[in-house]
Peer 1: 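One structure, as structure tokens, below. Some questions next.
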Amino acid sequence: MTDIITIRRPDDWHLHLRDGDMMRSVLPFTARQFARAIVMPNVSPPVTDVQKTIAYRERILDAVPEGMDFTPLMTCYLTDTTDPDDVARGHAEGVFTAAKLYPAHATTGSAHGVTDISAIYPVLEKMQAIAMPLLIHGEVTDSHVDIFDRESVFIERTLSKLVCDFPALKIVFEHITTRNAADFVMTGPDTLAATITPQHLHINRNAIFAGGIRPHMYCLPIAKREEHRLRLREVAVSGSPKFFLGTDSAPHTVGAKESACGCAGIFGAPYAIESYAAVFEEENALDRFQAFASENGPRFYGLPLNEATITLRRQSHRVEEILEVAGEKIVPFHAGEAIGWRLILE
Ligand code: NCD
Ligand code: ZN
């Protein structure tokens, strides 16, 4: 039995850092594990152009603790009025690594998102021409569609057509939660990939209702039935280069979660790499862990692999019930549970 895992330093291909004090407090949790992270632009107000993104990146870089090596990879928040030339300029200048498509009102911080995909076709044409990846929150927003079906219906109504209309556009189907999404990506063209969160590998929808309502298990897309979780595990550990790590760590204070209308989002950053390691071990796939965590992502994005390494030791430890973050309380993913691996910090 292996007691030590050493892998190339991983990256997080989907992360919410927020802004201000919250950002400064949550950033170290990510920077201690990950060399780079794709930073989501759904802050308030959203980062929708090059200028705002440069300023946001500066605030993040200023917050990286002394001695930690971390590079934020920035994304452009697409709206109905995004200027294709601004996107292309931001990409050429190394400001935007990718652009994020939120269907309007699909999730937290998506009110300024896209109301009609055809409105952004000129932006997508440009992105395809310059090989800039499109990251998609893949859920329909039609309130008549059952919340557990919104990802599958998005594939049928929107994503299938998008993949056909833009055969050379790199698309990341973010935080997939269903068998349907896993199969769509697995059988799709090489230009299509997906991120998978720790929570969707660990929990199914029962976790949200175990003995009462569990707001800290609520995120979007919402966790689905067990059969979907099992298929996500299969594809994550399959060795396919189309699937890679993206935590979707999305901190909200206890007050914002434990409310009559609680926010969607799970704070997975603190023990993210340990959480994924547990999955790969349970699936007898530790030999494929490095590919998922550290290689498939950069290869898809066309970025260099990290040369540094990290080491995890087999060591059971209990995750804090609550963390103090920026003077607020936040419940981390796995709160109160034991995790079998621990990152060793040199
Ligand atoms: C995210 C957030 O809080 O910003 N919430 C979530 O449930 N995942 C937004 C998102 O990625 O959907
Ligand atoms: Zn997210």
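In this chain, residues are counted from 1 in sequence order. Whatever order the structure lists them in is the order used to number ligands and atoms, beginning at 1. What you are looking at is a predicted structure, and each value in this text was computed from that prediction instead of being measured.
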Peer 1: Looking only at atom types and distance, does a side-chain atom of T247 sit under 3.5 Å from a main-chain N or O of T197, one as donor and one as acceptor?
Peer 2: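 Not a single qualifying donor-acceptor pair exists.
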Peer 1: Find all atoms of ligand 1 within a distance of less than 4.0 Å from any non-hydrogen atom belonging to C219, and give their numbers and elements.
Peer 2: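 It comes down to these atoms of ligand 1: 7 (O).
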Peer 1: With the Zn ion (ligand 2) as the centre, enumerate protein N/O/S atoms below 2.8 Å in chain and residue order.
Peer 2: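 Listed by chain and number, the nearby protein N, O or S atoms are H14 NE2, H16 NE2, D248 OD1.
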Peer 1: List every atom of ligand 1 that sits less than 4.0 Å from any heavy atom of H14, numbering the atoms from 1 in the order shown and giving each element.
Peer 2: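 Every atom of ligand 1 under 4.0 Å from some heavy atom of H14: 11 (O).
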Peer 1: Can you find a non-hydrogen atom of H175 under 4.0 Å from ligand 1?
Peer 2: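 Contact present.
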Peer 1: Go through the steps to decide whether I330 and I322 satisfy the test side-chain contact (heavy atoms from CB on, under 4.5 Å), and finish with yes or no.
Peer 2: CA-CA 6 Å; I330 302 193; I322 252 171; over 6 Å; no
Peer 1: Checking H137 against S110: is there a side-chain donor and acceptor pair closer than 3.5 Å?
Peer 2: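 H137 and S110 do not have a side-chain donor-acceptor pair below 3.5 Å.
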Peer 1: Which residue pairs pass the salt bridge (charged side-chain N to carboxylate O under 4.0 Å, His left out) test when at least one of the two sits in residues 329-341, sequence neighbours left out?
Peer 2: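 Qualifying pairs, neighbours excluded: E324-K329.
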Peer 1: Using a strict 4.0 Å cut-off to heavy atoms of L220, name the atoms of ligand 1 that fall inside it.
Peer 2: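 This gives 6 (C), 7 (O), 8 (N), 12 (O) as the contact atoms.
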Peer 1: Less than 4.0 Å between a side-chain N and a carboxylate O, is that true for R313 and D3?
Peer 2: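 Looking at D3 and R313, the cut-off is not met.
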Peer 1: Restricting to pairs with a member in residues 139-148, which pass salt bridge (charged side-chain N to carboxylate O under 4.0 Å, His left out), not counting sequence neighbours?
Peer 2: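 Qualifying pairs: D142-R157.
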Peer 1: So if I apply the ring-ring contact (aromatic ring centres under 6.0 Å, His included) rule between Y276 and each of F34, F292, F244, F243, which one comes out positive?
Peer 2: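 Passing option: F292.
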Peer 1: Please identify which atoms of ligand 1 are closer than 4.0 Å to at least one heavy atom of G265.
Peer 2: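 By the 4.0 Å cutoff, the relevant atoms are 5 (N), 6 (C), 7 (O).
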Peer 1: Is R18 near ligand 1, meaning one of its heavy atoms is under 4.0 Å from it?
Peer 2: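 A heavy atom of R18 does come that close to ligand 1.
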Peer 1: At less than 4.0 angstrom from any non-hydrogen atom of A250, what atoms of ligand 1 do you find?
Peer 2: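 Under 4.0 Å from A250, ligand 1 has these atoms: 1 (C), 2 (C), 3 (O), 5 (N).
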Peer 1: Which of the atoms in ligand 1, numbered in the order shown and given with their element, are less than 4.0 Å from a heavy-atom of H137?
Peer 2: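 Ligand 1 atoms under the 4.0 Å threshold to H137: 12 (O).
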Peer 1: Under the side-chain hydrogen bond (donor to acceptor under 3.5 Å, both in side chains) rule, collect the residues that match up with D62, sequence neighbours excluded.
Peer 2: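 If we apply the side-chain hydrogen bond (donor to acceptor under 3.5 Å, both in side chains) test to D62, skipping adjacent residues, there are no hits.
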Peer 1: In the protein, which heavy atom is nearest to atom 5 (N) of ligand 1, and how far is it?
Peer 2: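 Residue, atom and distance for the closest contact: A264 O, 3.2 Å.
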Peer 1: Hey, which atoms in ligand 1 end up nearer than 4.0 Å to a heavy atom of T108?
Peer 2: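 Answer for ligand 1: 2 (C), 3 (O), 4 (O), 5 (N).
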Peer 1: Taking the six-membered ring for Trp, are the ring centroids of F267 and F29 within less than 6.0 Å of each other?
Peer 2: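 Ring centroids of F267 and F29 are less than 6.0 Å from each other.
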Peer 1: Suppose we measure from atom 9 (C) of ligand 1 to each protein heavy atom; which comes out shortest, and what is that distance?
Peer 2: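 It is T107 OG1, 3.4 Å.
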Peer 1: Could you tell me whether the side chains of T48 and K52 share a donor-acceptor contact shorter than 3.5 Å?
Peer 2: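 Checked: T48/K52 side chains pair up, N/O donor to acceptor below 3.5 Å.
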Peer 1: Using 4.0 Å as the upper bound for N to carboxylate O, is an ion pair formed by E282 and R233?
Peer 2: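 E282 and R233: salt-bridged.
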Peer 1: Purely on distance, is any nitrogen or oxygen of N42 under 3.5 Å from one on ligand 1?
Peer 2: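 Right, the criterion is met.
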Peer 1: Identify the protein heavy atom lying closest to atom 8 (N) of ligand 1, giving its residue, its atom name and the separation to 0.1 Å.
Peer 2: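 Of every protein heavy atom, D248 OD2, 2.7 Å lies nearest to atom 8 (N) of ligand 1.
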Peer 1: Going by atom types alone, do T81 and T79 pair a side-chain donor with an acceptor below 3.5 Å?
Peer 2: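 Result is yes, a qualifying pair exists.
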